[in-house]
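We name chains A, B, ... by the order of the sequence lines, and we start the count at 1 in each one.
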Amino acid sequence: MQERYEPRSIEDEAQSFWESQRSFRVTEDRAKAKFYCLSMFPYPSGKLHMGHVRNYTIGDVLTRHYRMRGMNVLQPMGWDAFGLPAENAAMANKVPPARWTRDNIAYMKKQLKSLGFAIDWERELATCDSSYYKWNQWLFTRLFKKGLAYKKTGVVNWDPVDQTVLANEQVIDGRGWRTGAPVEKREIPMYFFRITKYAEELLGALDGLDGWPEQVKLMQKNWIGKSEGVRIGFPYELNGEQKNLWVFTTRADTLMGVTFMAVAAEHPIAQYAAGKNRKIRAFVEECRKGTVVEAELAQIEKKGEPTGLYVKHPVSGEQIPVWVGNYVLMGYGEGAVMGVPAHDERDFSFALKYGLPIPQVIQVGDGKFDDRKWYAWYDEKGAGQCVNSGKYDGLGFQQAVDAIAADLKAKNLGEKQVQWRLRDWGISRQRYWGCPIPIVHCPSCGDVPVPDDQLPVVLPEDLVPDGTGNPLAKLPAFYETRCPSCGKPAKRETDTMDTFVDSSWYFARYACPDQPGAMVDERARYWMAVDQYIGGIEHAILHLLYSRFFMRAMRDEGLLDVAEPFTNLLTQGMVLAESYYTDANGRREWVNPADVALTRDAKGKILVAKTKSGMEVVYDGIGTMSKSRNNGVDPQKLIEQYGADTARFFIIFASPPTSTLEWSDEGVEGSYRFLKRLWNYGFTFSKNTSGSKASAKDVRREIHAVLKQANYDLGKHQFNTVASAAMKMLNALEKLPGAENETAKEGLSILLRLLSPITPHVCHALWRELGFGGDVMTAPWPEPDPAALEQDEIDYVVQVNGKTRGNVKVAKSADQKTAETMAAEAVKKYIDGKAIRKTIIVPGRLINIVV
RNA sequence: GCCGGAAUGGCGGAAUUGGUAGACGCAGCGGACUCAAAAUCCGCCGCCGUUAAAAGCGUGUGGGUUCGAGUCCCACUUCCGGCACCA
């Protein structure tokens, strides 16, 4: 061991030690409490980015902390290895996605190891291995047989030039990313998982997820979107046939204010009208060309076209015109809505635009309608009562809904209904680099699931996609097969599964990745559920919801007992960095923040930013690290320059785990300085005679007080203040007079244990060097000594009328009266000549005198 | 557009969950050491004001509740995440 802090050798040594001891290997030890700590597995995109480092550092802090608390902690790692980027890279480099992916995995694994994470690598898995995706296929066939997986048509983006389906990401301003051709919508057959069957359970179980952030539960609740309303039929006659146009509404109380109906372009009425009239046909065509992305759909200008058809109001019998509206979604509800302009903002602007009547049917208080404002009352369910509504006048929201639903039911024109926003999960992808869907299309037997003994359907790994459709569909050796049922020639499905399928159950497979005969085995019953899951907030809805669905599907197959995969959830914030560009003749060149030099004024405010060659650069704010803005920081360089401990410390220290983290090279320097200082103190404290500003008793009290707070913060997962606590401890220790070896040793042993989950290497080395016995990673977690925290005097803040005016030290034994008198004395000049109305005492903290 | 968040010194952030706003760190300023620089160490550091103090102001904006509000309530502004084929 050298006296200088040299992270390279310290970290190499610690990592080899853990490796040789197999320190992080765990088994199903029933003598200890199990703790399954999991970070979201990475997509092997090439190299680690800071978001990964942050995610896995947070997971590692938790893992090491719980290990020291004596738990049996599993922290595995694997690869979300199928997906679009591998195909893009394949096209660019003419290398098969499999090779690109596996090379990336090898490199990123090395990077992860160099960060010193307490991972049980013996459980590593990759979703592109057939030993893994075989079980995607196996479960798919079970669900298919139960009707939980089924086929129907779905809408996709179609590039007419490349003759290929595009992901939403590959559509830029309505055009194909490679061809620039306007993208069309196309309906194709796809397989779906019937997640809606579990909608009620997925919603209800959210209440029991006490370890999840409220915001995530709320987002899931809104996404599932249970709404109670009334399904209403508007009768009409078409070609002599009596029909009903059905709509769903949560505001049946506004039924008497309906002045138009709007149907989706794909609705049968729109289709019929389009067949009769060229103008309508053109409009329907225009709607069908539009986007499939809901965010864009919600922002397009609301347009409509009258169909010339009318339906009858189910209560009044009035004729109501039917319009085609570009904002009505075929996939939600009935594909038709009733228009109540006076009480719905969207209907209101639609009616204004097309000159439709806007009759008021709800009165709120004694408020008057105003041209601009009346529609704003739409969301005030229950705030008003019906007016201009015939027999329903005077009824409140619920009474009106009940009465109207009853009347409609009597006429067979409606009933109360529950509607869900959640849609079934379409899993078919017309892509090569994914898990093949195990279906054989037989001319006589139809869609036949591949039998167990023919699984897995192996994905050929040597293909290179070219951007014109799925290469599997052009490979007879893959798709030509025989029907498993009748033996006649048949065609294998060439679509692959959505990669969300792969990531919906990988956490269960970590329990038994070597199991060849089953999706999961008994070991999964031991380890599941995941006790702590950590990942980006961007996964708050889809990934987490799909995983919750999968656990229920697996439970219903008898594979597992748990329904909720993740008991506790920590959603980590993103890693951001500043970005700068030079602007030469209107051309932006992005400059990496590391190459920007700043000039500051006397107070540290930034005056000018220039490149090292002297060109002035423009500051473009703070944002996610990205290639396009050239503001990425490479973790590899960071580790090489400062070591893994500095990288880990800075990431933990700079921001609480759930907030965004702003990168700062100076902050990294500061973290490095702290570790150096710690190292030096560890080597020299016994010789140190300079620090003599505090008594051993005060230092000891401070160490234990800081430890108490740090343990509290750990419980909240607020790790940045735990890092601060370590710094405070070192600051306190450095004030200790040289002779106080016992206090110094105790303080250091607390500091090293507290810090070891964050910077395990340096703590490992110092712990051994100082001879504390054993290894810091297996040492017991430190707890504060109550005796050290004892104080004889209490420091009270004294306020007058809520404003802080002074302090007073009161003996612990003093009674309230004494404390009040002393407080009044301390702020005499502020209360002189005024009558004291009352005095508020917060025990041990504050005295407020009201005058 | 809809759903969910966030906003505190020059900067990242802290505040025992309604009780001293700015812990800890960065940047900056002053000093020690050095021929010098780096490294290290010591001190100062919200704004305004002052010789120094006092007083005053201060947690995105505007209102409210309270003895007391960064924290609770109402209305807004800006930024960020998601919106079902990026992962």
Phosphate OP1/OP2 of C57(B) contacted by Lys803(A) side-chain N/O (<4.0 Å) |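 Yes, because at least one side-chain N or O of Lys803(A) sits under 4.0 Å from OP1 or OP2 of C57(B).
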
Determine: side-chain N/O of Asn720(A) to OP1/OP2 of A14(B), distance under 4.0 Å, yes or no.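 For A14(B), OP1/OP2 do have a side-chain N/O of Asn720(A) under 4.0 Å.
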
Item to complete: From the options G13(B), A27(B), C67(B), select the nucleotide whose nearest atom is closest to the side chain of Glu666(A).
Response: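 The answer is A27(B), which lies nearest to the side chain.
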
**Request:** Could you please name the option among G5(B), C24(B), A55(B) that lies closest to any side-chain atom of Met727(A)?
**Result:**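 Among the listed nucleotides, the one closest to the side chain of Met727(A) is C24(B).
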
Just the table, please: protein N/O against nucleotides 15-22 of chain B N/O, every pair under 3.5 Å.
residue, atom, partner, partner atom, Å
A15(B), OP1, Gln718(A), NE2, 3.0
U16(B), O2, Arg845(A), NH2, 3.4
U16(B), N3, Arg845(A), NH1, 2.5
U16(B), O4, Arg845(A), NH1, 2.8
G19(B), N2, Gln799(A), OE1, 3.1
G19(B), N2, Asn848(A), ND2, 3.3

Symbol by symbol from the 5' end, with Watson-Crick or G-U pairs under 3.5 Å, [ ] crossing and | another strand, RNA chain B is (((((((..(((......[....))).(((((.......))))).((........))..(((((..]....))))))))))))....

Length of the [atom1]-[atom2] vector between [X] and [N], whole Å:
X	N	atom1	atom2	result
Leu755(A)	G25(B)	CG	P	14 Å
Glu578(A)	A27(B)	CD	P	14 Å
Leu730(A)	A23(B)	CG	P	18 Å
Ile651(A)	G25(B)	CD1	C1'	16 Å
Trp420(A)	C3(B)	CH2	P	19 Å
Lys735(A)	C41(B)	NZ	C1'	15 Å
Arg346(A)	C2(B)	CZ	P	11 Å
Phe649(A)	C24(B)	CZ	C1'	9 Å

Would you list the protein and nucleotides 38-40 of chain B atom pairs, both N or O, that sit under 3.5 Å from each other?
none

Can you tell me, in whole Å, how much space there is between the [atom1] of [N] and that of [M]?
N	M	atom1	result
U71(B)	G60(B)	C1'	16 Å
G22(B)	C41(B)	C1'	26 Å
G13(B)	A6(B)	P	13 Å
C35(B)	U51(B)	P	41 Å
G82(B)	A14(B)	C1'	30 Å
A39(B)	A52(B)	P	32 Å
C26(B)	G43(B)	P	14 Å
A38(B)	G30(B)	P	13 Å

Reading RNA chain B from 5' onward, which residue's closest nucleotide shows up sooner: Glu669(A) or Arg805(A)?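 Its nearest nucleotide being more 5', the pick is Glu669(A).
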
What do you reckon, are the aromatic ring centroids of Tyr546(A) and Phe193(A) less than 6.0 Å apart?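 So the answer is no for these two rings.
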
Looking at the rings of Tyr642(A) and Phe650(A), which for Trp means the six-membered one, are their centres under 6.0 Å apart?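 No, too far apart.
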
Exercise. Would you please name every residue forming a salt bridge (Lys or Arg N to Asp or Glu O under 4.0 Å) with Lys226(A), sequence neighbours left out?
Key: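 Partners of Lys226(A) by the salt bridge (Lys or Arg N to Asp or Glu O under 4.0 Å) criterion, ordered by chain and then number, come out as Glu200(A).
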
Is [Y] close to [X] at the side-chain level, that is, under 4.5 Å between some pair of heavy atoms?
X	Y	value
Asn88(A)	Arg178(A)	no
Val171(A)	Thr291(A)	no
Leu751(A)	Leu678(A)	yes
Thr646(A)	Pro7(A)	no
Leu297(A)	Tyr327(A)	no

In B/S/- notation (B base, S sugar-phosphate only, - none; protein heavy atoms under 4.0 Å), nucleotides 80-87 of chain B written 5' to 3' is -BSBBBSB

For the residue pair [X] and [Y], does the interplanar ring angle fall in the parallel (under 30°), tilted (30 to 60°) or perpendicular (over 60°) class?
X	Y	value
Trp679(A)	Tyr5(A)	tilted
His52(A)	Tyr56(A)	parallel
Trp100(A)	Tyr43(A)	tilted
Phe653(A)	Phe649(A)	parallel

Between Asp159(A) and Trp177(A), is any side-chain donor less than 3.5 angstrom from a side-chain acceptor?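 Distance-only check fails for Asp159(A) and Trp177(A).
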
Distance alone, cut at 3.5 Å: any donor-acceptor contact between the side chains of Asn801(A) and Arg837(A)?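 No, because no side-chain N or O of Asn801(A) sits under 3.5 Å from a partner of the opposite role on Arg837(A).
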
*Under 4.0 Å between any heavy atoms, over every strand shown, what does Asn731(A) touch: base, sugar-phosphate, or nothing? Just pick one.*
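Sugar-phosphate only.
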
Check your understanding: By side-chain hydrogen bond (donor to acceptor under 3.5 Å, both in side chains), which residues pair with Arg429(A), not counting sequence neighbours?
Key ->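 For Arg429(A), the residues satisfying side-chain hydrogen bond (donor to acceptor under 3.5 Å, both in side chains) (neighbours in sequence not counted) are Asp498(A).
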
NZ of Lys708(A): more than 12 outside heavy atoms within 6.0 angstrom?
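Count not over threshold, so no.
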
Where does U17(B) land, syn or anti, once you apply the within-90°-of-0 test for syn?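 Here the answer is syn: the torsion falls within 90° of 0.
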
